[in-house]
Amino acid sequence: MSIFQSMNTSASGLTSQRLRMDLVSSNLANAQTTRATQNADGEFEPYRRKMVTFGTEQPSFKQMLKNAEGANDSGGGVRATGIVEDQTPFELVYNPEHPDADEDGYVEMPNVDPLKEMVDMMSASRSYEANVTAFNASKGMLMKALEIGRN
């Protein structure tokens with residue numbers, strides 16, 4: 001295992017959690033957006049909540065060969081595999097004065113739940129902090145190893 005592998009793993013976690021926080025911020029910013037995209041009929045639709053999916057980093061062919069030779073250089077990192085839109089139905093709110101209201105006075109609102117987004121933001125923030133702590137611990141161990149080598 002490379003001496004920097006733990007730092008690389010923590011760095012991939014930091015990058016992934018930052019993307020997650022960016023998506024949550026985008027969801028919160030668009031929680032009231034009723035005209036975000038056009039559908040196939042040319043009509044505007046409300047904003048759809050976006051979520052990130054994660055997967056493990058796949059080792060390269062070279063790394064797989066090292067593993068087969070017993071070098072045991074396991075990856076262990078995480079990466080974003082995609083951004084998906086939440087397909088839950090839009091919420092109908094009665095507001096006949098709204099410019100996007102239908103003939104019955106209902107407006108389709110985005111499927112963004114601010115409470116759910118804040119919980120997701122807190123979870124991403126805690127994961128980010130945990131990765132920073134792991135990164136700093138790895139850095140501290142490497143610095144101590146260098147000090148030992150000097151003495």
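Every heavy atom of this structure was used, including side-chain atoms; hydrogens, water molecules and symmetry mates were not.
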Item to complete: Test M109 against Q32 for side-chain contact (heavy atoms from CB on, under 4.5 Å), laying out the working first.
Response: CA-CA 7 Å; M109 297 301 288; Q32 300 296 318; 3.0 Å; yes

Discussion item. Applying a strict under-4.5 Å side-chain criterion to I, L, V, M, F, W and Y, I'd like to know whether F90 and F44 cluster together.
Written reply: no

Practice prompt. Report whether V132 and M21 are members of the same hydrophobic cluster (ILVMFWY, side-chain heavy atoms less than 4.5 Å apart, transitive linking).
Written response: yes

Worksheet entry | For T81, side-chain hydrogen bond (donor to acceptor under 3.5 Å, both in side chains) partners two or more places apart | T53

Discussion item. Under the rule for side-chain hydrogen bond (donor to acceptor under 3.5 Å, both in side chains), what residues qualify as partners of N131, not counting sequence neighbours?
Written reply: none

Is there a donor-acceptor contact under 3.5 Å from the side chain of [X] to the main chain of [Y]?
X	Y	result
N8	G77	no
N39	D41	yes
S138	A134	yes

Can you give me the closest heavy-atom contact between [X] and [Y], atom names plus distance?
X	Y	result
L19	A80	CD2-CB, 3.5 Å
P110	T33	CG-O, 3.1 Å
L23	M51	CD1-C, 3.9 Å
S16	V78	OG-CG1, 3.4 Å

Discussion item. Assess the residue pair V84 and K50 against the criterion (side-chain contact (heavy atoms from CB on, under 4.5 Å)); give the C-alpha distance rounded to whole Å, side-chain angles, the decisive distance to 0.1 Å, and a yes or no.
Written reply: CA-CA 6 Å; V84 295; K50 292 177 180 45; over 6 Å; no

Fill in: From OG1 (T133) to CD (E129), nearest 0.5 Å
7.0 Å

Item to complete: Any chance you could measure L142, atom CG, to S6, atom OG, to the nearest 0.5 Å?
Response: 6.5 Å

Worksheet entry | For K116, salt bridge (Lys or Arg N to Asp or Glu O under 4.0 Å) partners two or more places apart | none

Item to complete: For D100, check salt bridge (Lys or Arg N to Asp or Glu O under 4.0 Å) against everything at least two apart and list the hits.
Response: R35

Under 3.5 Å, which donor-acceptor pairs link side chains of residues 117-128 to any protein atom two or more places apart or in another chain?
| from | atom 1 | to | atom 2 | distance (Å) |
| --- | --- | --- | --- | --- |
| E117 | OE1 | N27 | ND2 | 3.2 |
| E117 | OE2 | R49 | NE | 2.4 |
| D120 | OD1 | R20 | NE | 3.1 |
| D120 | OD1 | R20 | NH2 | 2.6 |
| S123 | OG | R20 | NH2 | 2.9 |
| S127 | OG | S123 | O | 3.1 |

Would you mind reporting whether [Y] and [X] have side-chain heavy atoms less than 4.5 Å apart?
X	Y	answer
N95	E97	yes
L92	E108	yes
M7	K139	yes

Worksheet item: Sequence neighbours excluded, which residues qualify as ring pair (Phe, Tyr, Trp, His ring centres under 6.0 Å) partners of Y106?
Response: Y94

Worksheet entry | Donor on one side chain, acceptor on other, Y47 and T34, under 3.5 Å | no

